[in-house]
Amino acid sequence: MPIAYSDYTSRLERLLEICKNLSSNLELEPLLHSIIESAAELTYSESSSILVLDEEKNFLKFLAAPWYMMESLKTINVPLDRSVAGWVFTNGQPMAIQHAEKDERIFRLVDKQLTDSTTSILAVPLVSKGEVIGVMECINKSNNAQYTEEDVTIVETLAAQAAVAIQNNWLLDETQTAYEKMMQLDRMKSDFMAIVSHELRTPLGLVLGHSSLLMDTVGEDQKQDLMVIASSANRMKEIIEQFSDSDTLEHDLAELRRQRLSVSALVKEIVDSFREMAEIRKISVILELPGSDMVVEGDMDKIGIALRNLIQNALTFTNEGGKVKVKGEVVPGYVKITVMDNGIGIPPEELGKIFTRFYQVEKHLTRKHGGVGLGLSIAKEMVELHGGTISVESVEGMGSRFSFRLPSSAAQASAAQRVFQTGPLAGKVPAQPAKPVTGTLGKPPALPLTGSLKPRPVNPADSTPEEMK
Ligand code: ADP
């Protein structure tokens with residue numbers, strides 16, 4: 001028995017109430033059922049249904065209808081050129097037919113399937129973001145009454161709700177599919193990296209072992225060649241190690257083995273290990289450490305990897321005759337390490353991207369320098385694992401300055417993590433926004449920083465021309 005509304009206003013009040021309730025329903029199927037039931041109720045119709053374009057885009061399919069009809073309707077393909085729904089879909093306009101019994105525009109297969117007869121019909125387009133995605137129909141107004149403009153307004157309002165819900169559901173499906181595809185690719189990439197790293201380790205170990213054995217038995221001429229072989233094999237070993245570090249970090253498998261350690265001693269040892277390389281490249285390396293020992297509770301290997309990557313980059317991107325300076329400082333609660341160079345610098349628009357995995361400023365295949373674009377992302381992750389932050393300042397053509405801060409104690413680290421914690425990054429601290437580009441390494445201009453890193457004020461005393469001396 002249909003509900004009798006006293007006037008249009010009371011129907012609109014009911015419509016408003018229905019729309020409010022609809023927004024609380026997140027599942028598509030029950031939501032569409034509520035919508036068609038409400039449309040039938042508010043327009044005094046026998047039933048209502050929703051049709052959408054099928055995947056091949058050549059006819060319409062029923063997406064929602066009263067449950068007792070759905071079984072018969074779901075196999076029907078409603079043609080776009082010989083049906084009321086098809087006309088409404090194609091023209092994006094509503095259509096009402098009052099005496100539909102003999103009207104040729106009605107697609108009769110539906111009546112046949114339902115062993116019923118369409119006596120009147122109102123159909124409106126389902127529009128989402130300006131695009132018609134389907135049609136909503138109301139059938140057989142009670143007492144042979146005619147569909148009115150008011151009915152059209154009511155059904156259009158409900159159709160708009162249905163359109164948004166359907167579109168959102170499609171988007172959700174697409175996102176889900178894309179996500180699954182991405183996860184599958186990610187698994188393949190990880191497997192590939194693991195296999196390549198594993199398979200290359202053994203032959204590389206043999207190359208390194210045998211070249212070191214041969215070194216003692218060959219003459220001076222061959223020694224040079226052997227050194228090239230050994231240093232190339234070492235470079236390959238470093239790349240393989242970066243692959244596996246990066247994969248471990250990406251999958252949150254990295255464990256921090258904290259111990260009290262002297263960062264001063266670690267920095268000195270690492271800087272010294274680069275002296276030979278710096279000498280070959282005719283780059284002078286300056287080390288500046290504070291008078292008192294810099295001590296942190298941290299993981300020596302991981303801090304070492306971060307620092308090595310920064311120094312390796314500083315030497316790689318600085319020309320012959322240039323300078324690289326490594327400076328250690330104790331700031332309250334933290335130890336700060338800075339690696340600066342007067343090399344080629346980094347364009348401001350690249351600064352926000354260089355910490356991304358595999359990102360390189362020059363295109364990989366055309367660039368002069370080696371590397372695979374993992375060094376900085378690994379350094380950042382290693383520092384963040386400690387609850388520390390890393391930042392960069394650079395002026396193109398003049399040099400770069402990378403700094404990282406490590407909390408002195410585990411307690412300080414977890415306090416820092418609590419401060420920075422925003423949501424699901426459990427156990428991690430987001431990278432501190434970089435400072436704006438400033439005139440480090442001897443020249444004063446302060447350039448605006450573009451890219452995703454947010455500028456913060458710079459203390460001019462931080463970057464004096466004296467720094468590189
Ligand atoms: P890669 O191993 O290829 O050097 P990184 O992640 O270490 O990868 O660095 C990413 C990119 O950032 C580098 O390819 C380089 O373009 C730029 N970069 C890093 N450090 C410096 C630096 N000290 N000076 C100039 N450019 C740098």
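For ligands, and for the atoms within them, numbers begin at 1 and follow the listed sequence. Note: hydrogens, waters and symmetry copies are ignored here, and every other heavy atom, side chains too, is used. Since this is a predicted model, take the numbers as computed values, not measurements.
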ask   = Can you tell which part of Val361 has a heavy atom less than 4.0 Å from ligand 1: side chain, backbone, both or neither?
value = both
ask   = When the ring planes of Phe355 and Phe402 are compared, do they come out parallel, tilted or perpendicular, using 30° and 60° as the limits?
value = perpendicular
message = Between Lys268 and Asp272 (salt bridge meaning N to carboxylate O under 4.0 Å), is one present in this structure?
response = yes
request  = Mark up the atoms of ligand 1 that fall under 4.0 Å of a heavy atom belonging to Gln360, in ascending order.
outcome  = 3 (O), 14 (O)
task = Would you please name every residue forming a side chain to side chain donor-acceptor pair (under 3.5 Å) with Asp299, sequence neighbours left out?
result = Lys302
query = Can you list the atoms of ligand 1 that are under 4.0 Å from a heavy atom of Leu376?
reply = 5 (P), 6 (O), 7 (O), 9 (O), 10 (C), 12 (O), 19 (C)
key: Region of Val372 engaging ligand 1 - heavy atom pairs below 4.0 Å   = backbone
ask   = Of all the atoms in ligand 1, which lie at a distance below 4.0 Å from a heavy atom belonging to Gly345?
value = 25 (C)
query = Phe62 and Met70: which non-hydrogen atoms are nearest, and at how many Å?
reply = O-CE, 3.4 Å
request  = Salt-bridge test for Lys282 and Glu279: reply yes if a basic N is under 4.0 Å from a carboxylate O, no otherwise.
outcome  = no
ask   = Between Glu297 and Arg258, is there a salt bridge with N-O shorter than 4.0 Å?
value = no
inquiry  = Taking a cutoff of less than 4.0 Å between a non-hydrogen atom of the residue and any ligand atom, is Gly343 in contact with ligand 1?
reply    = no
query = For the side chain of Asp341 and the backbone of Gly343, is there at least one donor-acceptor N/O pair under 3.5 Å apart?
reply = yes
query = At a 4.0 Å threshold, what atoms of ligand 1 neighbour a non-hydrogen atom of Gly373?
reply = 1 (P), 2 (O), 3 (O), 6 (O), 8 (O)
inquiry  = So, regarding Asn313 and ligand 1 (criterion: nitrogen or oxygen to nitrogen or oxygen, under 3.5 Å), is there a contact or not?
reply    = yes
message = Residue-level breakdown please: for Asn309 versus ligand 1, do any non-hydrogen atoms fall below 4.0 Å on the side chain, on the backbone, on both, or on neither?
response = neither
inquiry  = Using a plain distance cutoff, I'd like to know if Phe317 has any nitrogen or oxygen under 3.5 Å from a nitrogen or oxygen of ligand 1.
reply    = no
task = Show which atoms of ligand 1 fall inside a sub-4.0 Å distance from at least one heavy-atom site of Leu374.
result = 6 (O), 8 (O)
ask   = Which ligand 1 atoms are under 4.0 Å away from a heavy-atom of Tyr359?
value = 10 (C), 11 (C)
query = With a 4.0 Å cut-off on heavy atoms, does Phe355 reach ligand 1?
reply = no
inquiry  = Using a 3.5 Å distance criterion without hydrogens, assess whether the side chain of Asp293 forms a donor-acceptor pair with backbone atoms of Val295.
reply    = no
message = Suppose the criterion is side-chain hydrogen bond (donor to acceptor under 3.5 Å, both in side chains): which pairs have a residue in residues 221-234, not counting sequence neighbours?
response = none
ask   = Just which atoms of ligand 1 are under 4.0 Å from any heavy atom in Ile354?
value = 10 (C), 12 (O)
